Amino acid sequence: LAVVENYLRRVFVIDLTHFLDLPDGLPGPTIRLAKQLSLIVRAATSGPSGVAWTTVIRCAKRPGRRLCPGHLAVHRMEVPARIDWRCDSCGDDGMISNWEGSYFDLRGMRSEPFEMRTTVRLPIEDAPLLYEVMTLDPDVERMVFSVAIRDGHAEVVGTPDEIEELAGSVAFEANHEPNRRRERRLDGLFMLLNDAIR
Ligand SMILES: [Zn+2]
């Protein structure tokens, strides 16, 4: 029993339904937590279940008031449905329940066969900008949230059509970005995506 109690104390379980359709005027930390949870659920549901992999979602912990340099690894289980996440640097972890069928549940088959896909390597620090880019195609959205850290790079894996569509969305975002630094980072992502399909 002590072991079970220890486990329950240690694991931070969040019911996603408490963070959906939040009213206006909530404190910053609550809004940031809701945004972080939405990213975790989208990443964890963007691909197959039963495998743990490292996303480009930055850890939100601030040990000693400095932002943790880690990224979150995610793992999804279907029966019973659960999503676990863990920081690859500080080990902060948690579990999310009641995400099934929510707006952030991206589960679904990508329509193109796996053999058609190509891999584009992006700088890890810039790849999270892709999460903010508007995409209308569900396959492209799944591709974005499947971006994984491998061998020191952020890898985008998709068909040339999907990568072209994403490159177009990134170019649109860069053209409408008022912040010059972010605009340059988006331009850099566009060039890498565009070069990969030429
Ligand atoms: Zn961390």
Side-chain angles (χ1 to χ4, degrees), residues 7-62 67-68 70-111 126-149 154 156-158 162 165-166 169-170 172-173 176-177 179 182 186:
Y7 181 76
L8 290 178
R9 251 200 309 276
R10 192 178 67 78
V11 178
F12 179 43
V13 183
I14 281 188
D15 182 337
L16 186 70
T17 52
H18 298 163
F19 289 86
L20 300 173
D21 302 319
L22 292 175
D24 292 335
L26 286 171
T30 307
I31 294 168
R32 281 194 292 278
L33 176 58
K35 189 182 167 203
Q36 185 82 337
L37 292 171
S38 80
L39 293 179
I40 294 170
V41 171
R42 280 182 283 182
T45 54
S46 65
S49 64
V51 280
W53 57 280
T54 306
T55 70
V56 291
I57 302 170
R58 288 292 304 268
C59 174
K61 283 279 162 185
R62 291 179 161 273
L67 191 61
C68 171
H71 295 88
L72 303 187
V74 295
H75 181 271
R76 180 179 98 244
M77 225 163 72
E78 290 288 334
V79 186
R82 61 181 279 173
I83 289 171
D84 293 273
W85 54 270
R86 182 183 175 83
C87 172
D88 66 1
S89 177
C90 72
D92 185 41
D93 61 359
M95 184 189 131
I96 304 173
S97 65
N98 284 328
W99 46 269
E100 313 98 277
S102 73
Y103 176 71
F104 304 114
D105 181 357
L106 301 186
R107 284 176 302 173
M109 293 297 285
R110 279 169 71 174
S111 39
D126 293 336
L129 289 174
L130 296 178
Y131 292 150
E132 326 241 330
V133 168
M134 274 284 280
T135 52
L136 299 174
D137 182 328
D139 280 341
V140 176
E141 190 178 17
R142 284 184 201 110
M143 177 178 74
V144 165
F145 281 94
S146 300
V147 171
I149 296 179
V156 179
V157 182
E162 290 166 349
E165 168 131 1
L166 177 62
S169 301
V170 170
F172 180 87
E173 197 79 11
H176 294 81
E177 174 58 61
N179 178 308
R182 277 171 65 96
L186 286 163

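FYI, the numbering just counts along the sequence from 1. Because the structure is predicted, anything quoted here is derived from the model rather than measured.
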Taking the side chain as every heavy atom from C-beta outward, state whether [X] and [Y] have any pair of such atoms under 4.5 Å apart.
X: Ser89; Y: Cys59; result: no
X: Val144; Y: Val133; result: no
X: Arg182; Y: Glu173; result: no
X: Ile83; Y: Thr45; result: yes
X: Val74; Y: Ile40; result: yes
X: Phe19; Y: Leu33; result: yes
X: Val56; Y: Tyr131; result: yes

Measure the spacing between [atom1] of [X] and [atom2] of [Y] and express it to the nearest 0.5 Å.
X: Phe172; Y: Leu186; atom1: CZ; atom2: CG; value: 12.5 Å
X: Ser169; Y: Leu136; atom1: OG; atom2: CG; value: 7.0 Å
X: Arg76; Y: Glu78; atom1: CZ; atom2: CD; value: 4.5 Å
X: Arg32; Y: Gln36; atom1: CZ; atom2: CD; value: 10.5 Å
X: Asp139; Y: Asp137; atom1: CG; atom2: CG; value: 5.0 Å
X: His71; Y: Thr54; atom1: NE2; atom2: OG1; value: 9.5 Å

**OP:** Using atom types as modelled and distance alone, determine if a side-chain donor or acceptor of Arg58 lies under 3.5 Å from a backbone N or O of Cys68.
**Re:** yes
Subject >> His18 side chain to Ile14 backbone, donor-acceptor under 3.5 Å >> reply: no
Please report the shortest heavy-atom distance between [X] and [Y], naming the atom on each side.
X: Cys87; Y: Leu72; value: CA-CD2, 3.8 Å
X: Trp53; Y: Ala148; value: CE3-CB, 3.6 Å
X: Arg107; Y: Asp105; value: NH2-OD2, 2.7 Å
X: Ile31; Y: Leu26; value: CD1-O, 3.3 Å
X: Asp88; Y: Gly70; value: OD1-CA, 3.3 Å

**OP:** Just do the side-chain contact (heavy atoms from CB on, under 4.5 Å) check on His75 and Arg86 with the steps written out, would you?
**Re:** CA-CA 9 Å; His75 181 271; Arg86 182 183 175 83; over 6 Å; no
Original post:
Does the distance from a Lys or Arg side-chain N to an Asp or Glu carboxylate O, for Lys35 and Glu132, drop under 4.0 Å?
Top reply: yes
**OP:** For the pair Arg82 and Asp84, find out whether any cationic side-chain nitrogen is under 4.0 Å from an anionic carboxylate oxygen.
**Re:** yes
**OP:** Would you please test Phe145 and Leu39 for side-chain contact (heavy atoms from CB on, under 4.5 Å) and show each step?
**Re:** CA-CA 8 Å; Phe145 281 94; Leu39 293 179; 3.8 Å; yes
Subject >> Candidate list Val41, Ile57, Asp92, test side chain to side chain contact (heavy atoms under 4.5 Å, CB included), partner Trp85, passing option >> reply: Asp92
**OP:** Scan side-chain atoms only and decide if Arg42 and Ser46 contain a donor-acceptor pair under the 3.5 Å cut-off.
**Re:** no
Original post:
What do the steps show when you test Phe104 against Leu20 for side-chain contact (heavy atoms from CB on, under 4.5 Å), and what is the final call?
Top reply: CA-CA 10 Å; Phe104 304 114; Leu20 300 173; 3.5 Å; yes
